[in-house]
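Take a look at the structure below.
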Amino acid sequence: MRDFHEALAALDAQSLLRRRRVVSGPQGATLEVDGQQLLAFASNDYLGLASHPKLAEAAIDAIRRYGVGGASSHLISGHHETHERLEHALASFVGLPRALYFSTGYMANTGIIPALAGRGDAVFSDELNHACIIDGARLSRAALHVYPHGDLAVLDQLLAASASREKLIVSDAVFSMDGDLAPIAGLVELAERHDARLLLDDAHGFGVLGPDGQGTLAHLGVRSDRIVYMGTLGKAAGVAGAFVAGSADIIEWLVQRARTYVFTTASPPLLAATISASLDVIRDEAWRRDRLRSHARALRSGLSDVPWASKPSETAIQPLVVGDNAAVMALMEGLWRRGFWVPGIRPPTVPEGTARLRISLSAQHTPEQVTALVAALRAVSAEMQRKRAIA
Ligand SMILES: *Cc1c(COP(=O)(O)O)cnc(C)c1O
């Protein structure tokens, strides 16, 4: 029998032990942790909607009308008019025929992929895809082909070599730990050439990219009936849940066959009503996207000469790749001492040897706060170099 005390000690020895911090008060640019105020660049609340008064009002209003519980699964008696309205609003927002709302993004991917591919089929997955895509692919029992990050040439070869009748390409649209975009036009072209379907997970593009926040497809101007589009609602949308959008037939198939949709209690109607309010704010408050873009520009120019590699990203996700696990934790702690919370991300969330600081920007940050982060990072960088010189 495995000794978990030893297993935990082994994680600790590799600087891989994770620790939860308890936050008090609302989510925002500053967070209270153990009575200390920290300036946080740590959340996926990219537009600052998690504590938006209009969303809070919508939630309170919905609680008064509908109470708090989801009560039953959607296919029994849990499918509420707030869910139905939200799905129509989501479909029209992203310009696709129909949408289906899931309780979480994790559940969406682990439900959608096995519903679209099964034994004897093939799934083609970018090596940097989110964990829930990998889990969905494993659950599907389809043959899993992992291609190097964004490598269309290798994907082309894998697709050509596959004898499966049903081929499903799956990719993050915006990669969650790198902030770069998938080569979507190229993926669509390969899907067409090899008669495959393309599932895009836009967890980090929805709300952030596109003229009205409709996501990465609108941002790039790509449309194709090969695409099944998935977005999450707990990040930029500020609430919780996820949706998938596509043709009416595919969505109806998912209603019938996505096990994480069929066999779970509907999420509370109050959340669906709040997300509908969030869609209006996403559309109406374009200044939030403008501000995010200007923060990204300021950060990148301020960090052009620190010793760590920044990655080209036009999104809210701005990683600084440090490499070593212990070094990234030292960097994180140096920032913490100065009152900044920027998470260090280690394996297995990112590949071995690519531990990084994941700076995530939000429209809630002020330009002064971004400037302060740049100054703190430069100070910690100088301090670490001094220590290394002495050692
Ligand atoms: C966060 C994330 C998910 C999971 O969504 P949740 O709603 O948090 O479960 C799925 N895919 C990607 C790319 C993500 O970053």
Side-chain angles (χ1 to χ4, degrees), residues 20 27 42-47 49-50 70 83 86 90 94 99-114 116 123 125-140 146 149-150 168-182 184 187 198-209 215-217 219 227-245 254 258-261 264-268 271-272 274-275 278-279 282 311 313 315-319 343 345 348-351 356 358-362:
R20 301 177 304 170
Q27 288 289 341
S43 94
N44 301 318
D45 181 19
Y46 303 131
L47 299 179
L49 304 191
H83 300 125
L86 172 61
L90 285 164
V94 298
L100 182 66
Y101 169 57
F102 282 77
S103 300
T104 73
Y106 205 110
M107 289 171 72
N109 280 335
T110 52
I112 297 165
I113 298 169
L116 297 182
V123 172
S125 172
D126 187 290
E127 68 179 339
L128 295 188
N129 278 344
H130 190 268
C132 64
I133 293 178
I134 299 164
D135 292 353
R138 286 177 180 153
L139 273 173
S140 75
V146 176
H149 182 47
L168 177 65
I169 306 166
V170 193
S171 180
D172 284 19
V174 173
F175 286 86
S176 53
M177 295 299 141
D178 297 75
D180 59 330
L181 303 195
I184 294 178
L187 292 173
L198 173 60
L199 172 60
L200 289 173
D201 174 341
D202 205 16
H204 301 278
F206 183 74
V208 169
L209 297 176
T216 306
L217 294 179
H219 172 70
I227 295 176
V228 178
Y229 178 79
M230 177 274 195
T232 67
L233 301 166
K235 290 172 179 158
V239 190
F243 70 99
V244 55
L254 295 174
R259 294 171 64 83
T260 56
Y261 183 77
T264 193
T265 301
S267 92
L271 294 181
T274 309
I275 297 161
S278 170
L279 292 184
I282 290 173
K311 296 200 159 207
S313 162
T315 68
I317 305 166
Q318 301 288 336
I345 308 285
T349 307
V350 293
R356 67 199 64 186
R358 181 182 187 267
I359 302 168
S360 90
L361 297 167
S362 168

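Counting starts at 1 for both ligands and their atoms, in listed order.
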- Query: Is the Phe102-Phe243 ring centre distance short of 6.0 angstrom?
  - Reply: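 No, ring centres 6.0 Å or more apart.
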- Query: Under 3.5 Å, is there a donor-acceptor pair between the His149 and Asp126 side chains?
  - Reply: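 Side chains of His149 and Asp126: pair found under 3.5 Å.
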- Verify whether one side chain among Tyr229 and Asp201 offers a donor that lies under 3.5 Å from an acceptor in the other.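 Short answer, no.
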- Query: Is the closest side-chain heavy-atom distance between Val123 and Ile169 below 4.5 Å?
  - Reply: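 With C-beta onward as the side chain, the pair stays apart.
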With heavy atoms of [X] as the reference, note each atom of ligand 1 found under 4.0 Å away.
X	result
Tyr106	4 (C), 5 (O), 6 (P), 9 (O)
Asp172	13 (C)
His204	14 (C), 15 (O)
Ser176	15 (O)
Gly105	4 (C), 5 (O), 6 (P), 7 (O), 9 (O)
Cys132	10 (C), 11 (N)
Thr232	5 (O)

- Task: Please indicate whether any nitrogen or oxygen in Asp201 is less than 3.5 Å from any nitrogen or oxygen in ligand 1.
- Result: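 Checking ligand 1 against Asp201, an N or O pair does fall under 3.5 Å apart.
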- Query: Under 3.5 Å, side chain of Ser171 to main-chain N/O of Ala173, donor-acceptor pair present?
  - Reply: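 Looks like no, no N/O pair under 3.5 Å.
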- Which atoms form the tightest heavy-atom contact between Ile133 and Ile113, and what is the distance?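 Looking at all heavy atoms of both residues, the shortest contact is O-CD1, 3.6 Å.
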- So between Met107, Met177, Lys235, whose heavy atom ends up nearest atom 14 (C) of ligand 1?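 Answer by nearest heavy atom: Lys235.
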- Could you tell me how the ring of Tyr46 sits relative to the ring of His204: parallel (under 30°), tilted (30 to 60°) or perpendicular (over 60°)?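 Ring orientation, 0 to 90° scale: tilted.
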